[in-house]
Amino acid sequence: QVQLVESGGGLVQAGDSLSLSCAASGRGFSNMGWFRQAPGKECEFAAAISWNGGRTNYADSVKGRFTISRDNAKNTMYLQMNSLQPEDPGVYYCAARLVVSLSTSPSGYYYWGQGTQVTVSS
């Protein structure tokens, strides 16, 4: 079965760092991304990465603080989050799509993980 499983979320203080992982199984994916959703808000794009890691795209709100990467040998994608801010908490979702172009829209991704909770305290 196709499956995406996120891990690494937790409770941190503002200014701290977290590293999220997304383990994929069942098939390979050309492009993958991270989205986040706070309670009562729409799903928001965070970062995306091409199949070989050669191209990345970041939301302005996380640019310079978050780094997306992938290890195709392990079929795993990562999101290194530094300098977490009070506006960053939410459920972070791993997503994958089947075409080579990057997308910042949730509708552009077909496969989704269950999400991992990130909570930032002041």
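Since this is a predicted model, take the numbers as computed values, not measurements. Heavy atoms only: backbone and side chains are in, while hydrogens, waters and symmetry mates are out.
- Among residues two or more places apart in sequence or in another chain, the ring pair (Phe, Tyr, Trp, His ring centres under 6.0 Å) test is passed with W51 by none.
- Counting all heavy atoms, side chain and backbone alike, P89 lies closest to V120 at CB-N, 3.8 Å.
- Of the possible donor and acceptor atoms, none in the side chain of R70 sits under 3.5 Å from a partner among the backbone N and O of T76.
- The two atoms that bring F35 and C43 nearest to each other are CB-SG, 3.5 Å, heavy atoms only.
- For Y58, there are no ring pair (Phe, Tyr, Trp, His ring centres under 6.0 Å) partners two or more places apart in sequence or in a different chain.
- Panel note: side chain E6, backbone G115; a donor-acceptor pair is recorded below 3.5 Å.
- Side-chain contact between M32 and C94 is present, with at least one heavy-atom pair separated by less than 4.5 Å.
- For the salt bridge (charged side-chain N to carboxylate O under 4.0 Å, His left out) condition, the pairs that include at least one residue of residues 28-38, sequence neighbours left out, are R36-E44, R36-D88.
- Side-chain contact between W34 and C22 is present, with heavy atoms from C-beta onward closer than 4.5 Å.
- Residues satisfying the salt bridge (Lys or Arg N to Asp or Glu O under 4.0 Å) criterion with R55, sequence neighbours excluded, are absent altogether.
- No side-chain N or O of R65 forms a donor-acceptor pair with one of S61 less than 3.5 Å apart.
- With sequence neighbours excluded, the residues forming a ring pair (Phe, Tyr, Trp, His ring centres under 6.0 Å) with Y111 are F29, listed by chain and number.
- Without hydrogens or angle criteria, Y109 side chain to S103 main chain gives a donor-acceptor distance under 3.5 Å.
- Looking only at side-chain heavy atoms (C-beta outward), L11 and S121 come within less than 4.5 Å of each other.
- Minimum heavy-atom separation, V118 to L18: CG1-CD1, 3.9 Å.
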Please report the C-alpha distance between S105 and S107 in whole Å, then the side-chain angles of each, then the deciding distance to 0.1 Å, and finally whether the side chain to side chain donor-acceptor pair (under 3.5 Å) criterion is met.
CA-CA 5 Å; S105 173; S107 63; 2.8 Å; yes
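- Contact check for M77 versus I68: side-chain heavy atoms found under the 4.5 Å cut-off.
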Could you list the donor-acceptor pairs under 3.5 angstrom formed between side-chain atoms of residues 78-86 and any protein atom two or more places apart in sequence or on another chain?
| residue | atom | partner | partner atom | Å |
| --- | --- | --- | --- | --- |
| Q80 | NE2 | N82 | OD1 | 3.0 |
| N82 | OD1 | S17 | OG | 2.9 |
| Q85 | NE2 | S83 | O | 2.9 |

